[in-house]
*Asks:* 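Below is the structure I would like to discuss, written out as C-alpha cells.
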Amino acid sequence: MSGLNALYNNAAFALRLHAAAMAVLQEQASTGSRINRPSDDPAAASRLLGLSSQQKYLKAYISSIDSAVSTHEMASTVLQQMASALTESIVRLTQIVSGTYGEGQEGQNARDRTAAEINDVLEQMVALANTKYVDQYIFGGNNTADIPYAVQRSGGEITAVAYCGSSENRSIEAAPGVLASISLAGENLFSSDSPQTPVFYGSTGAKAGTGTSTIRGQVWLTVTFDGSSYCLSIDDGATQIQVPTEGDLSNIAVSDAAGRVLYVDASNLTSAGVEKVTVPGTEDVFTALINLRDLLRNSRGFTDAMLADLIKHSSDSLESVKNSLVEKETLIGARVNFLASLKDNLENIQFNQQQEAAMIQEADIAQIAIDLSRRENLYQMSLLVSGKLMSMSLLDFLK
Amino acid sequence: MTNYSIGLSGLTAAQRAFEAIGNNIANAATEGYHRQRLELSPAFSQNPGSTVFIGGVNVEGITRIIDTLLEQELLRQRSVLASLSQETSALGTIEAAFGEFADEESGLNAAMDNFFTSLQNLSAHPSESIWQNQTVSAAQTLAGQFRYLGQMLTDMKSRLKFQAETCADTINLLTSQVAELNSQIERIKMVGGDANSISDQRDRYIARLAELIAVETIERENGVIDVSSGGLPLVTGASANRIEAGYADTGRLGISILGASTYTTAIEGGTVGGLLTLHNRIVAGIQEDLNCLANSIIQQINQYHAAGIGSAGSFTELSGISLKSDQLSDIGCVTDGTFYIRLTNTVSGQVSRHAITVNAASGTLNDVAASISLIPGLRASVNSLNQLWIQADSNYTFDFLPGALPEPTMVSFADVSAPSVAVAGIYTGTENDTLRFTVRGDGSVGSGSLQLEVRSRDGSGDLLTVLNIGAGYAAGKPLELGNGLTVALSVGSLSESSGDSFSIDVLADSDSSGFLAAAGLNVFFTGTSAADMAVSRRIEANPRQIAVSLGADGHDNINSLRLAAVRDKTFSRLDSLTCSDFYRKMAAGIGEELSVRQTQQTTAETVLLDLTNRQSEISGVDINEQAAELLIFEQMFQAMAQYLNTIKTSLSNLMDIL
C-alpha cells in the first residue's frame, strides 16, 4: 500500500495541474485571444507578428496611393481648365482670322481686345501652373517647396515665363517595388519635346538647314542685305550672322547671345525681310500665348493679309498645345486608374491578412467554455476524492 | 532459568518495537524520513555437547527501509527540475519584457514597423516638418526600446551572477553540514550503533544540495557519503570544500573551488546549472542577437544617411561623436578606403570633390583632420574627447553626396569653340566608376553624324551606350545615360581626329571606408549596440537635417526612399534575413525555448511525482500498517507478560510442594 505522502502528492499535483489549466483558459476567455505571448504558440506568434507588420506597411502604401491619386486628380483638373481656356481662345482667334470683326482699325481694335483676353488667359495659365495642393507645388517636379514658374514682366505684362522647378518627378513607393509619381514636372506637361523640321513663314527664301535647331516654339528670323551679302539674326539684329558668298550655304548656324541656334538653308535667299519660324513639336503653352498676344497687337506692322496668315498659324500652334494638354490629361487619367486598381489590390490583401490574423489569434470561446467546465469538474473531483481518502484510517476502527 | 530469559527477550523486543513504531508514526509527515523497521532473529543457547536449545528473540537492530538506486534517481530528477524551473522563470521574465502581444503598439516589432513606416511617409513629404518630427519621434521610440531591452538583459546577467553567488554560499553551508553529519555517522557506526535519524538528516541536506546543483554521491564504509558536482569535490568524508561563483577567462560564468580561480562552466542541473545556462548561453545568445540587430540597423541607416543632405542643405560645420580613441584601429567598422567631400563655393557656384584616404590599421583621427584641412575652404580638428570637427570657410559649404559633379572631371577638347558639357541627375548605379565620353566624327553639335561613345572604367571598360549629338540632337537637350544621369552639350565643334573626349566620375558610394558613419559625421543614430543606441542629437535638435536627398539641390527624396528600403534589406550577419524577420525569429525563438521548457518542466514534475510516490511506497510511513504492527506487538507484550506470570506461578507451586 502507498504511504500517506503519496496520496497528498498526487492530490497536490492534480490540483496544481487543473488550476494552471484553468488560469490559461481564463486568460484566453478574458482577452479573446488564443495567443497572448509568443510561448503560447511560437510558430503562430511569428506569423502574427509578420501579419501585424504587413498591415502597417499596407496602410502606409494605401495612404501614399491616396496622396498620389489626389495630386494627379488635381493635376488633371488643372489641365482640363487649361484646355478649356485654350479652346475659348482658339474660338476667338478663328473669328479674328475669318474677319468677323472687320478690317483696318476695326479689325485692329478687335485684335487688341482679343490680345487683352489672351493676356488674361496667360495670367490664368501661370496661376494654374503654380497650383499648390496641401501646401506643395504639384508641377515643380521634385521641388515642391519653390514656385515652379517664374515670370518676367514689362509694363505689368508677362514677357517671359521660365520653369524653375526640377525636371525629375518625385516618386514614392506605392506598393512593394512599385514607384508612383506624387508630383509632376511642369516642363514635361506644359510643353512638348518632339522637335520637327522648322517651318518658315515668309518670303525671304530662307529654309530649314540640315542641322537640329535648339529653338523651341517660334522665333523671328530677320534677313538683311547690305548690298554684298545677307545677314541673318534671330534676336532682332542684336547678333548678326553673315552668310558667306560662296561655299556650302545649306546649313548656316544662326545663333544668338542666349545660346540658341537656328540652322538655315541660305542658298536660296531672294530678299530681306522678317520670317516667322516655328518648330513644331516644341511649343509650350506660355510662350505660345505670349507670342500670340504680341502678334495680335501687330508690333511688327504686318499687313492684314500677312497678319491673318500668321494668326492662323499661331492658332494652329495653340490647337497643337491644347491637344498636347488633352493627351497629357489622358495619361494622367490612366495613371490614376492604375493607382486606383493598385489600391484595390492592396485593400484586398489587407482584408485577407486581417482574416488570417483573426483566424490564428482569436480564441474559440465556445471551446474555452467547455474546457473550463471540464477542468472545474476535474478540480472538484480531485478535492472530493482526496478528502475522502485522507479522512479514513485503521485507527478509526480500532477499539 | 531459560524460561525467564525467553520471556524477558520477548518483552524487550516488544518494547523496542513500540519505540520503532512510535518513531515512524511521529515522523510520518517528516519530509525525507525513511521508515525504520525492527530487525528480530531467534535467539539460541548451546550447552556443552551437540544439543541446541531455543532461547527467545534477539533484537538485531533498527534498519532504514531505503532503495539507494531510487534515492539517486530522485536526486538527479530534483536537479533537472530545479534547473528547468530556473530557466523557465527567467525566460518568462524575458518574454514579458519584450512585450509582444501586450498591445498593438508595444514591443520592438511595432517600434521597428513604425520607424520604417515613418521613413516611407517622409519620402512623400521630405521637406515638411510634421513628417520630419514624426520620423525623429519614431526613431527615438525605436532606440528607447532597444536600450530598454539591452539594459534589461545586462541587468539580468548581473542578477544571475548574484544569484549564483548566493547559491554558492548556500551550497557551502549545506556541504559543511553534510561533512559534520558524515563525521557523526562514522563515529556511531564504528561502535556498532544506529545512525538512522542522522542519516535521514544528512540525506535531506544532500537532497537540498541536489536542487541547487547536480550532485554525484559515493557511499563509503561506515555510512560516509562523498558528494561531488561536475568534477568538483564538494564533500570528502568529514571535510567540505567551499565553492565560489565567478567569471572564467572566457567571460563565462562558472563555479570554482574557493581560491582556485579555475571556473568550470559545464555545470548542469540544479539552480546553479540553470543560472549558468541562462547566463552563458540563453541570455548571452539573446543579447548577442539583439546587439547584432541594433548594430545592423544603426550601421546601414548611418551609411546611407552620411552620404545625403537634408532640407537644411549642405553643411557649414559638422562634428562627429566622441570616440574612445584617436586610433582608427580602435574604432569599429573602419576599413582601408576613401571617402569624398564635396565642396561648393556659394558665390561662384563652383563644385569640387576631394578624396580623403583612410588607413584603418595605422591611421588616426588627426591624420584625417589634417588631410581635410589641406582642402582649400575647409578646416578640421580633433578635440580632447576624440571628436572630429569640420568647418567650412565663409562662402563655402560641404557635404558627402555621391553621384556626379555638374561638370566633367576631365575635358580634352582641341577646338576653342568646343561645346560646354553639363551633367545632371542622381546616379543610380551600384558601383563607383569613371565614364569616358569619346567623340566619334567631326562637326558641330546638332549637325552631321557626330556621336559620343560612352565606356566605363575611364574608357577601358564595356561600351555602355553611343549618344547621337549630330543631326537630330538639339544642343542643350539632356541625353539620358541610363543610370539616372544626363549630359547636355551646348553649341560647338568637336573632332574625333583631334582626340576630343571628356570623363565623368560617378560615385555610388562616397565612403568605401565606413569612416563617416564610424566617426559620427552626419549620422542618424549614435551608438553601436542595443544598450547605447540613440538618435543623433544634431537630428533631434533640427529634424531638417534628416538626410532625405541625394541631389545637390536637396529637393529629391531618393535618400529617404533608400532609408525606408532598409526595411526590406537582408543582412548576412542576420542569417540573410531582414531586420523584422530576424527579430520575429528571435522573439519566436524565445517563445519556443520557453514553451519547450514548460513542457519539460511538466514532464519532470510528473516523473518526480512518480519517483516520490515510489519512494513513499518503499520508505514511507503507512499509518494503517504501523497501527496493525502496534496491535501485533501489543498482543505479543501481553502474551509474554502472561507467559512470565505462568512461569512464576509454576515455580511457586513447585516451591510449595517442596
Side-chain angles (χ1 to χ4, degrees), chain A residues 1-6 9-10 13 17 33 35-43 45-46 48-50 52-53 56-57 59-61 63-64 67 135-136 141-146 166-168 170-173 176 182 193 195 209-214 251 253 255 259 261 263 393-395 398, chain B residues 28-29 95-96 100-101 104 109-110 113-114 117 120-121 123-125 127-128 424-426 444 446-447 471-476 478 490-491 551 553 555-557 561 564 568 580-581 584-585 587-592 594-595 598 605 609 612-613 616-617 620-625 627-628 631:
Chain A
M1 283 197 291
S2 298
L4 190 66
N5 282 342
N9 291 338
N10 288 339
F13 184 77
L17 203 67
S33 292
I35 298 170
N36 293 292
R37 56 193 63 78
S39 56
D40 289 342
D41 187 341
S46 178
L48 277 174
L49 288 175
S52 168
S53 297
K56 286 198 173 78
Y57 300 148
K59 191 174 165 188
Y61 284 136
S63 173
S64 297
S67 289
D135 220 30
Q136 294 188 69
N142 253 335
N143 186 357
T144 58
D146 301 322
S166 166
S167 55
E168 303 286 334
R170 174 173 295 165
S171 296
I172 55 167
E173 198 178 24
I182 200 171
D193 193 23
T210 55
T212 303
S213 303
T214 67
N251 198 36
S255 58
V261 64
Y263 287 94
S393 74
L394 181 60
L395 296 173
L398 291 176
Chain B
E95 185 186 59
E100 298 299 338
F101 298 103
E104 245 184 55
N109 192 57
D113 290 342
N114 288 340
T117 302
Q120 192 178 337
N121 291 334
S123 69
H125 315 273
S127 56
E128 292 184 44
I426 296 172
S444 298
S447 67
Y473 172 68
S490 67
V491 174
D553 57 11
H555 294 308
D556 66 282
N557 67 343
L561 285 173
D568 298 321
S580 298
D581 286 344
R584 283 195 282 277
K585 181 181 164 195
I590 294 170
E592 182 70 37
L594 179 55
S595 177
Q598 284 170 338
E605 284 173 348
L609 176 69
T612 307
N613 287 346
S616 291
E617 207 174 302
V621 175
D622 186 340
I623 299 293
N624 295 329
E625 187 181 324
L631 204 60

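Only heavy atoms go into these numbers, but all of them, side chains included; no hydrogens, no water, no symmetry mates. The chains referred to below are lettered A, B, ... by the order of the sequence lines, with proteins before strands, and numbering in each begins at 1. Predicted model only: the values in this text are computed from it and were never measured.
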*Asks:* For the atom pair CG (Asn114(B)) and NZ (Lys56(A)), what is the distance rounded to the nearest 0.5 Å?
*Replies:*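 Those atoms lie 5.0 Å apart.
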*Asks:* Could you walk me through whether Glu168(A) and Asp556(B) pass the side chain to side chain contact (heavy atoms under 4.5 Å, CB included) test, one step at a time?
*Replies:* CA-CA 8 Å; Glu168(A) 303 286 334; Asp556(B) 66 282; over 6 Å; no
*Asks:* Quick one: pull up CG in Asn557(B) and CD1 in Ile182(A) and give me the separation to the nearest 0.5 Å.
*Replies:*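 If I round to the nearest 0.5 Å, the distance is 8.5 Å.
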*Asks:* Between His555(B) and Asn143(A), is there a side-chain donor-acceptor contact under 3.5 Å, judged purely by atom types and distance?
*Replies:*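 Side-chain D/A pair, Asn143(A) to His555(B): present.
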*Asks:* At their closest point, which heavy atom of Leu49(A) faces which heavy atom of Ala587(B), and how far apart are they?
*Replies:*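 Heavy atoms of Leu49(A) and Ala587(B) come nearest at CD1-CB, 4.2 Å.
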*Asks:* If I take atom CG from residue Leu561(B) and atom CD from residue Glu173(A), how far apart are they, to the nearest 0.5 angstrom?
*Replies:*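 Rounded to the nearest 0.5 Å, the CG-CD separation comes out at 7.5 Å.
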*Asks:* So for Ser580(B), is it side chain, backbone, both, or neither that comes closer than 4.5 Å to the heavy atoms of chain A?
*Replies:*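 Only the side chain of Ser580(B) comes within 4.5 Å of chain A.
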*Asks:* Relative to chain B, which of Ser46(A), Ser53(A), Ser33(A) shows the most heavy atom pairs under 4.5 Å?
*Replies:*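 Most heavy-atom pairs under 4.5 Å with chain B: Ser53(A).
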*Asks:* Output the option from Asp146(A), Asp41(A), Thr210(A), Asp193(A) having the highest count of non-hydrogen pairs under 4.5 Å with chain B.
*Replies:*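 Counting heavy-atom pairs under 4.5 Å, the top option is Asp193(A).
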*Asks:* Output the option from Gly211(A), Ser52(A), Ser166(A), Ser39(A) having the highest count of non-hydrogen pairs under 4.5 Å with chain B.
*Replies:*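 Counting heavy-atom pairs under 4.5 Å, the top option is Ser39(A).
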*Asks:* State, with a plain yes or no, whether a side-chain heavy atom of His125(B) is found less than 4.5 Å away from one of Gln136(A).
*Replies:*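 They are in side-chain contact.
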*Asks:* Non-hydrogen atoms of chain A under 4.5 Å away: do they reach the side chain of Asn121(B), the backbone, both or neither?
*Replies:*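 Side chain only.
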*Asks:* Tell me, please, which residues at least two apart from Ser171(A) pass side-chain contact (heavy atoms from CB on, under 4.5 Å).
*Replies:*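 Counting only residues at least two positions away or on another chain, Ser171(A) forms a side-chain contact (heavy atoms from CB on, under 4.5 Å) with Leu179(A), Ser181(A).
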*Asks:* State the CD-OH distance between Gln120(B) and Tyr61(A), to the nearest 0.5 angstrom.
*Replies:*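 So the CD of Gln120(B) and the OH of Tyr61(A) are separated by 5.0 Å.
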*Asks:* Return the option, out of Leu17(A), Asp135(A), Thr144(A), Asn36(A), with the maximum number of heavy-atom pairs under 4.5 Å with chain B.
*Replies:*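 The answer is Asn36(A).
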*Asks:* Quick one: CG on Asn613(B) to CZ on Phe13(A), what's the gap to the nearest 0.5 Å?
*Replies:*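 One gets 10.0 Å once the value is rounded to the nearest 0.5 Å.
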